[in-house]
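Okay, structure first, notes after.
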Amino acid sequence: MVIESLFYFSLAVLQALEDGLKKADADPSVKAVMICGENGKFSAGADIRGFSAPQSHPGIGLAPIVSLIESSEKPVVAAIEGVALGGGLEVALGCHYRVAHVKARMGLPEVTIGLLPGAEGTQRLPRLIGVPAALDMITTGKHIPATEALKLGLVDEIAEENTIEAAIRLANKVIGQPLAPRRLSLKPVPTLPNMEAFLREALVKVKKQARGCLAPELCVQAVRAASERPFAEGLRRERELFRLLLSSGQARALQYAFFAERAVRRWATPAGASWSSANAQPVRSAAVIGLGTMGRGIVTSLVKANIPVVALEQDLENLKKGRKAVMLLLEREAMKMEGGAQRLDFHNPARLQFTVDFDLLRDVDLVIEAVFENMALKKEIFHKLSKICKPGALLCTNTSALNINEIASATSRPQQVIGTHFFSPAHVMRLLEIIYGSHTSPSAIATAMQLAKALNKIGVVVGNCFGFVGNRMMFPYVQQAVFLLEEGSRPEAVDEVLEDFGFKIGPFRMSDLAGLDVGWRSRQGQGLTGPSLPAGTPARQRHGQRYSPLPDLLCEHGRFGQKTGHGWYLYEKAGGRTATPDPWLHNFLARYRDTHGIKARAIDQEEILERCLFALINEGFAILAEGIASGPEHLDVIYINGYGWPRHRGGPMFYASTVGLPRVLAKLEQYSEVHPDVPGLRPNAFLRKLVAVGSPPLQEWMSYVSWQSPKL
Ligand SMILES: CCCCCCCC(=O)CC(=O)SCCNC(=O)CCNC(=O)[C@H](O)C(C)(C)COP(=O)(O)OP(=O)(O)OC[C@H]1O[C@@H](n2cnc3c(N)ncnc32)[C@H](O)[C@@H]1OP(=O)(O)O
Ligand SMILES: NC(=O)C1=CN([C@@H]2O[C@H](COP(=O)(O)OP(=O)(O)OC[C@H]3O[C@@H](n4cnc5c(N)ncnc54)[C@H](O)[C@@H]3O)[C@@H](O)[C@H]2O)C=CC1
């Protein structure tokens with residue numbers, strides 16, 4: 001007998017499975033059962049859209065079915081095609097045999113949505129493939145290919161062609177053979193000589209990797225239960241831990257993030273361009289200009305995506321340096337991919353060419369400029385590109401803040417100019433902020449989005465303003481962090497609060513890593529510091545607003561961060577990575593406060609967290625109100641994938657919705673009253689409006705925006 005299941009589980013699918021199994025068991029003419037999916041897909045598990053509902057207990061409803069499958073007196077074979085994920089794989093684990101198509105993938109991704117495999121998966125998988133491999137799959141949620149699954153013993157056979165026929169063949173072969181040895185619940189968990197130490201280390205590792213995120217930790221606990229307790233007791237523990245996760249709030253945030261990352265693919269602009277009507281142009285070749293920190297990562301990303309690249313530098317010396325750095329990155333990537341199906345072909349000049357000759361850019365479909373952050377230089381380059389490149393070529397800039405329209409004005413084809421803002425390291429970070437200017441065509445946006453997909457990145461389309469979305473929201477956050485130092489705090493205290501919140505790295509450690517000189521140059525360019533600052537400007541004020549010269553002063557002392565061995569922290573050497581609190585800096589801060597008559601006060605953790613985060617969120621509301629981004633999901637996806645915002649907190653705007661908008665507003669009002677010269681703390685009008693209309697759910701916020709494309 002054949003039972004077909006659907007791609008996502010619903011109650012109806014579960015019922016059909018139960019009915020089918022019972023019928024098969026009762027029918028003496030049925031000798032074996034094969035379970036497969038429809039249309040070449042086994043199952044992606046539960047439909048997660050309903051998971052956040054308070055009454056839902058996903059996983060628990062599936063467990064009895066998995067038990068039913070396993071206890072069948074007739075052999076049950078899973079025919080896995082496409083994917084077997086989450087509950088899908090748990091169903092397969094209940095089966096007595098598993099056959100997978102060679103291209104199938106399997107995994108238990110529950111941890112990525114804040115849960116654990118709650119349909120007995122944490123108890124069966126370790127019994128089948130051992131604790132180390134099971135723990136790896138369960139705590140990372142990674143999908144593994146069929147070939148690896150075979151090596152692990154997760155599947156019994158691989159089918160090169162027809163999986164269903166292969167599964168039926170296997171089912172016929174095993175009719176009459178004893179089923180007890182195939183029932184995973186009856187098997188012991190393979191022992192390890194050092195199980196206790198192994199589990200302890202695993203716990204330390206997941207706690208470090210996902211600070212504050214509960215699911216990986218509870219996954220380890222569930223697997224520990226499998227290794228220490230009988231099956232039935234392990235199940236009870238699994239259920240207990242599952243319920244804990246379901247009610248933690250983190251699952252809701254992680255599921256929101258899952259859907260937000262998919263929602264941003266459906267981009268739209270206030271001018272009416274959208275994903276549904278714009279056509280992407282093919283990108284068969286690309287060029288990258290500038291092989292510094294960013295350019296080298298961008299080249300690596302393109303090569304990995306199999307797009308032939310011309311890499312250009314300003315002179316032979318920089319070219320040599322850039323080439324060496326790119327080759328090193330590519331060699332490392334190739335090593336990581338060794339054994340995988342894909343090969344990196346970067347020694348072939350047809351795939352990757354280094355040059356100082358702009359003429360070689362004549363035929364490429366797309367150029368990404370990543371030279372110094374200098375408007376005059378960028379305009380000069382775009383003017384050149386507009387003369388040299390073929391008419392259809394897309395001209396992209398990796399600027400982190402500059403005006404896309406001004407860059408486009410240097411060309412004769414502003415409709416082809418677009419911002420593609422990669423994040424450092426560009427071959428690792430998943431975010432690609434895509435910035436359209438006033439003249440950028442819908443097709444150019446669609447092409448940049450397609451490029452993001454080809455590079456395995458998440459493209460988020462945003463409007464043009466200083467700093468775009470990500471950096472614009474970052475400015476008030478970092479500004480608050482520095483103001484807190486002026487008022488009495490220390491870099492390590494501020495970083496610790498934000499790292500405890502879940503940020504991968506606090507603002508001062510981040511600033512040391514990126515280099516303090518980058519911001520210093522930008523502020524000099526804006527006339528906020530340096531020789532162009534008008535004489536007589538008060539040290540701690542610019543344009544009537546509070547300003548902190550602390551970062552400028554550090555740069556004047558040659559403290560650029562890790563690269564110089566000291567910045568906000570002290571490092572073991574120039575280029576060192578281990579930050580230690582620096583007594584020099586503490587003394588310097590004390591002298592600075594004395595000079596400016598600031599009386600240091602004790603600042604508690606709550607104030608640090610609220611001032612930094614609420615200032616950032618406040619800017620987010622301004623961005624939404626101006627139509628720079630089409631929804632809060634966009635801001636959240638940017639922060640999760642580009643700025644190390646803790647995913648289990650769903651992104652800054654989602655976080656604001658969980659804190660409650662009235663509280664965010666009240667706190668901003670309170671801080672703004674104390675610091676009237678800090679516009680970043682003044683509650684944005686859109687936030688006020690949302691509170692005034694009763695703080696609607698985040699999905700409804702944009703219906704309260706009343707702009708008419710003011711910035712576009
Ligand atoms: C009622 C009782 C039920 C009891 C059952 C208990 C079971 C459990 O307790 C445990 C579970 O199964 S939890 C769920 C575990 N499964 C997952 O996390 C799979 C997540 N999905 C993927 O990995 C990829 O979408 C996938 C690999 C599947 C496909 O990737 P693609 O890149 O081809 O496609 P996407 O763009 O990611 O997705 C296409 C559309 O499907 C939506 N979607 C994906 N997975 C979903 C899921 N599990 N539930 C609901 N919707 C889902 C996705 O949002 C996208 O939608 P659109 O953006 O509208 O096109
Ligand atoms: N460093 C970062 O974390 C990020 C930087 N960005 C932006 O990316 C751009 C590049 O930044 P980085 O890579 O950090 O700079 P970088 O200083 O490391 O590299 C710039 C490279 O451009 C080359 N260059 C300069 N003029 C050139 C010309 N006329 N023709 C060809 N090459 C030329 C330089 O020789 C240098 O190798 C900037 O616009 C920056 O704002 C964006 C995101 C993050």
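Just follow the structure's listing: the first ligand is 1, and inside any ligand the first atom is 1.
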Glu120/Arg239 salt bridge by N-O under 4.0 Å criterion
yes
Show me the donor-acceptor pairs, under 3.5 Å and distance only, between side chains in residues 371-382 and residues at least two apart or in other chains.
residue : atom : partner : partner atom : Å
Glu373  : OE1  : Thr399  : OG1          : 3.0
Glu373  : OE2  : Thr399  : OG1          : 2.9
Glu373  : OE2  : Ser400  : N            : 3.2
Glu373  : OE2  : Ser400  : OG           : 3.4
Glu373  : OE2  : Ala401  : N            : 3.2
Asn374  : OD1  : Ala376  : N            : 3.0
Asn374  : OD1  : Leu377  : N            : 3.0
Lys378  : NZ   : Glu369  : OE2          : 2.6
Lys378  : NZ   : Val371  : O            : 3.2
Lys379  : NZ   : Glu406  : OE2          : 3.2

Checking Arg472 against Phe468: charged group under 6.0 Å from the ring centre and within 45 degrees of the axis?
no
Heavy atoms only: which of Gln15, Arg49, Glu261, Gln255 lies closest to atom 56 (O) of ligand 1?
Arg49
Which of these, Lys453, Arg266, Arg262, has its nearest heavy atom closest to atom 24 (C) of ligand 1?
Arg262
To which of Val13, Asp47, Ile65 does the heavy atom nearest atom 50 (C) of ligand 1 belong?
Asp47
Tabulated below should be the N or O atoms of ligand 2 paired with protein N or O atoms at under 3.5 Å; can you produce that?
residue  : atom   : partner : partner atom : Å
ligand 2 : 8 (O)  : Asn398  : ND2          : 2.9
ligand 2 : 13 (O) : Thr293  : N            : 3.3
ligand 2 : 13 (O) : Met294  : N            : 2.8
ligand 2 : 18 (O) : Thr293  : N            : 2.9
ligand 2 : 18 (O) : Thr293  : OG1          : 3.1
ligand 2 : 32 (N) : Glu313  : OE1          : 3.4
ligand 2 : 32 (N) : Gln314  : N            : 3.4
ligand 2 : 35 (O) : Glu313  : OE1          : 2.8
ligand 2 : 35 (O) : Glu313  : OE2          : 3.2
ligand 2 : 35 (O) : Gln314  : NE2          : 2.9
ligand 2 : 37 (O) : Glu313  : OE2          : 2.5
ligand 2 : 39 (O) : Val371  : O            : 3.3
ligand 2 : 39 (O) : Glu373  : OE1          : 2.5
ligand 2 : 39 (O) : Lys378  : NZ           : 2.6
ligand 2 : 41 (O) : Glu373  : OE1          : 2.8
ligand 2 : 41 (O) : Ser400  : OG           : 2.6

Pairing of Lys563 and Asp517 as salt bridge, 4.0 angstrom limit
yes
Taking 4.0 angstrom as the limit and counting only heavy atoms of Arg265, give me the atoms of ligand 1 inside it, by number and element.
36 (O)
When rounded to the nearest 0.5 angstrom, what distance separates CZ in Phe354 from CG in Leu316?
13.5 Å
Does ligand 1 come near enough to Glu90 that some N or O of the ligand is less than 3.5 Å from an N or O of the residue?
no
Check the angle between the aromatic planes of Tyr643 and Tyr639 and answer parallel, tilted or perpendicular using the 30° and 60° thresholds.
parallel
Any carboxylate oxygen within less than 4.0 angstrom of a Lys/Arg side-chain nitrogen, looking at Lys320 and Glu317?
no
Which option wins on minimum heavy-atom distance to atom 48 (N) of ligand 1: Ala44, Gly141, Gly45, Ala46?
Ala46
Numbered in order shown, the ligand 1 atoms found under 4.0 Å of a heavy atom of Gly86 are 12 (O), 15 (C)
Does a sphere of radius 6.0 Å around NE2 in His383 hold more than 12 heavy atoms from other residues, nucleotides or ligands, not counting ones at 6.0 Å or beyond?
no
Going through the distances and angles, do Val66 and Leu62 end up as a side chain to side chain contact (heavy atoms under 4.5 Å, CB included)?
CA-CA 6 Å; Val66 177; Leu62 183 64; 4.0 Å; yes
Any chance you could measure Leu115, atom CG, to Ser248, atom OG, to the nearest 0.5 Å?
8.0 Å
Does an N or O from Phe259, backbone or side chain, lie closer than 3.5 Å to an N or O of ligand 1?
no
With heavy atoms of Pro109 as the reference, note each atom of ligand 1 found under 4.0 Å away.
15 (C), 16 (N), 17 (C), 18 (O)
